[in-house]
Each structure stands twice: as structure tokens, then as C-alpha cells.
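So that the names make sense, note that chain A is the first sequence line, chain B the second, and so on, each numbered from 1.
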Number of protein chains: 2
Amino acid sequence: MNVPDWVEKVDPCKSDCPSRDLLDLIGDRWSLLILLVIGQGVNRNGALKRRIGGISQKMLTQTLRALEANGLVARHDFATVPPHVEYALTPMGISLQHALGPMFHWIQDHYADVVKARAEFSTRTQQAA
Amino acid sequence: MNVPDWVEKVDPCKSDCPSRDLLDLIGDRWSLLILLVIGQGVNRNGALKRRIGGISQKMLTQTLRALEANGLVARHDFATVPPHVEYALTPMGISLQHALGPMFHWIQDHYADVVKARAEFSTRTQQAA
DNA sequence: CCGTATCCTCGGAGATACTG
DNA sequence: CAGTATCTCCGAGGATACGG
């Protein structure tokens with residue numbers, strides 16, 4: 001049996017299943033990246049923007065707000081001039097970060113295989129055509 | 001130190017980092033769902049479509065092809081009439097499924113907290129406004 | 001420095017109709 | 001049953017400019 005136990009407990013196939021929401025949050029292109037970087041201690045708007053190549057100010061703020069709204073990131077505004085705002089992972093954010101560990105590990109461990117699979121697939125596809 | 005060890009090894013912030021690709025694949029709305037369901041033994045086009053509420057034929061085929069191209073899913077066409085095609089996880093697909101386990105567990109364990117956090121956040125937001 | 005507001009476009013994704 | 005082709009639309013997301 002290849003089916004892990006957790007597949008029985010969660011069924012995101014149904015739209016009424018909670019996991020759909022969170023799957024969307026996690027599936028977001030920038031969420032994981034921001035979570036990752038904040039976890040590394042990068043905690044200011046500008047720093048995040050510089051660190052995460054390719055993100056726009058709009059998406060940064062937007063995703064930050066989403067993470068904050070979901071209780072994964074805490075925002076601390078020092079209300080000074082010039083503005084000073086710091087972001088940090090909440091305990092829940094940290095726990096998610098840890099839960100994501102195996103996935104990142106998997107990416108590291110299998111990236112080469114995926115690339116190879118892609119090459120083989122396009123070869124096969126070309127043959128067929 | 002809250003930073004897990006794996007954050008040092010992977011840096012998806014850079015566009016030249018392999019993990020960006022895979023993050024996109026995993027981040028896809030349907031990929032995880034399809035992976036999950038195929039892992040449960042649902043292996044035919046029609047069955048998948050029926051099982052995964054809300055997916056269109058187009059997205060099903062499209063995502064299936066992507067998963068196949070990345071070596072996560074195997075497609076077996078029996079070339080009969082009427083058509084009979086079966087999908088299954090490859091060993092690599094299974095390993096990814098397992099790597100995703102903690103994430104799904106986290107979703108189960110923390111969904112209630114997230115909902116609560118959302119409620120508090122909107123309350124706070126309303127106050128501010 | 002930290003954002004918000006606005007505009008605009010590009011392609012993701014559904015619906016539909018058709019084929020082997 | 002499995003899948004492709006086409007058309008269309010909607011909105012995510014970038015660029016830009018401005019405000020506190």
C-alpha cells in the first residue's frame with residue numbers, strides 16, 4: 001500500500017473541506033518564499049523586496065497582509081518617521097515553516113531527477129510526433 | 001534559533017535557483033490535489049474528474065501532463081476502443097507525496113487556529129478603520 | 001522608508017463543441 | 001471514454017505615480 005495515512009484524513013477534493021483554503025494560501029507563489037525569508041531573519045519591507053528577486057511592492061504587501069491575516073506573520077509598526085516596520089514569524093508561522101521542511105528537502109533531493117524526467121519526456125514526445 | 005537547517009541549503013529567492021521551478025509546480029492549485037487522489041488509487045480520467053470537485057477537463061489533462069512531464073505520474077494508455085487510460089504515481093511521485101505529509105498534517109492541526117486568527121485580524125482591522 | 005491607488009495587459013482557466 | 005481545439009473573459013499581477 002502506497003497510500004500514506006494522512007490521505008484518509010484530509011479531502012481537499014470537496015470544496016467544503018477546510019484544506020482548500022490553506023492549500024490556496026500555501027500554493028501561492030510568494031507565500032512560501034516570504035515565509036522562508038522572514039524565517040531567515042529578514043524582517044523589513046525593503047530588505048524583503050531586495051532579497052526576493054522579482055517580487056513587486058504590490059505583491060509583497062499583499063502577500064504579507066495575507067500571511068498576517070492568517071496568523072502566520074506578525075507585523076510591528078514602530079510608527080516613527082521615517083517609517084520603520086518589522087515582520088516576524090508567529091509561533092504558528094514557525095510551525096508551518098517546519099512542516100514545509102520535508103518538501104524543501106524533497107526539492108533539493110529530487111531536482112536533478114525531475115530535470116532528467118523532463119528531458120526524457122520531451123524526447124519521448126518528440127518521437128511520438 | 002528558529003531557522004531550520006534546510007533554509008540554508010535552498011534559496012528560491014534567486015531566479016536561477018532550481019527550486020523556483022518545482023515551487024511553481026507544487027504551488028499549482030491542482031497538482032497537489034491530483035497527486036493526492038492518484039495516490040489514493042483513483043487512476044482514470046473520468047474518475048479523477050468526478051472526484052476532484054470543480055476541475056475542468058482542460059485543467060485535468062493539463063496538470064496531468066505537467067506531472068507526467070516531471071516524472072511524478074505515469075500514464076498508461078491501453079489503446080483500446082473505447083479508450084482506456086490509467087494514471088499512477090511513479091516512485092518519485094510517491095516520495096513527493098510522503099514529503100508533503102507534514103504539510104497536510106499541519107493543515108489539519110492548525111486550520112482552526114488559522115480561522116481564529118482570521119477572525120481576530122478582521123476584528124482588529126475593523127477597529128482600526 | 002513604507003506603503004496605497006490607479007491603470008493596463010497578458011495569459012490562466014472555464015465553457016463549448018468536436019474527434020478517435 | 002479520453003482528449004483536443006477554439007473562443008472568450010476575468011482578474012492576478014506588473015509598472016507607475018503619489019502620500020504619510
Side-chain contact test, heavy atoms from C-beta onward, threshold under 4.5 Å: evaluate it for A:Val114 versus A:Arg118 and give yes or no. yes
Please state how far atom CG in B:Leu64 lies from atom P in D:dC1, giving the value in whole angstrom units. 16 Å
Out of the candidates A:Asn43, A:Leu67, A:Ile38, A:Leu72, only one should pair with A:Leu89 under the side-chain contact (heavy atoms from CB on, under 4.5 Å) rule; please name it. A:Ile38
With a 4.5 Å cut-off on side-chain heavy atoms, are A:Leu33 and B:Arg20 touching? yes
From CG of B:Leu48 over to C1' of D:dG3, roughly how many Å is that when rounded to an integer? 14 Å
For D:dG3, take OP1 and OP2 only and decide whether either is under 4.0 Å from a side-chain N or O of B:Tyr87. yes
If I take atom CD1 in residue B:Ile52 and atom C1' in nucleotide C:dG14, what distance separates them, rounded to the nearest angstrom? 16 Å
Consider the side chain of A:Arg44, meaning its heavy atoms from C-beta on, and name the nucleotide among D:dG13, C:dC2, C:dG3 that approaches it most closely. C:dC2
Starting at CD of A:Gln62 and ending at P of C:dT4, how long is that distance when rounded to a whole Å? 10 Å
Separation of C:dG3 atom P from A:Leu60 atom CG, nearest Å, is 8 Å
Hey, which of B:Met59, B:Lys58, B:Arg65 is the one that makes side-chain contact (heavy atoms from CB on, under 4.5 Å) with B:Thr61? B:Arg65
Rounded to whole angstrom units, what separation is found between the CZ atom of B:Phe78 and the C1' atom of C:dG20? 18 Å
Hey, does A:Arg51 have a side-chain heavy atom less than 4.5 Å from the side chain of A:Leu36? no
Is there a side-chain polar atom (N or O) of A:Asn45 under 4.0 Å from OP1 or OP2 of C:dG3? yes
Is there a side-chain contact between B:Ile26 and B:Leu96, using heavy atoms and a 4.5 Å cut-off? yes
CG of B:Asp77 versus P of C:dG20: gap in Å, rounded? 15 Å
Measuring to OP1 and OP2 of C:dG3, would you say a side-chain N or O of A:Arg65 lies under 4.0 angstrom away? yes
Students often get this wrong, so: under 4.0 angstrom with heavy atoms, is B:Arg29 touching a base, only sugar-phosphate, or nothing? nothing
Evaluate the side-chain proximity of B:Leu22 to A:Trp106: yes if any heavy-atom separation is below 4.5 Å, no if none is. yes
Contact letters for nucleotides 14-20 of chain D, in which S counts primed atoms plus P, OP1 and OP2 and B counts the base, heavy atoms under 4.0 Å: BB----B
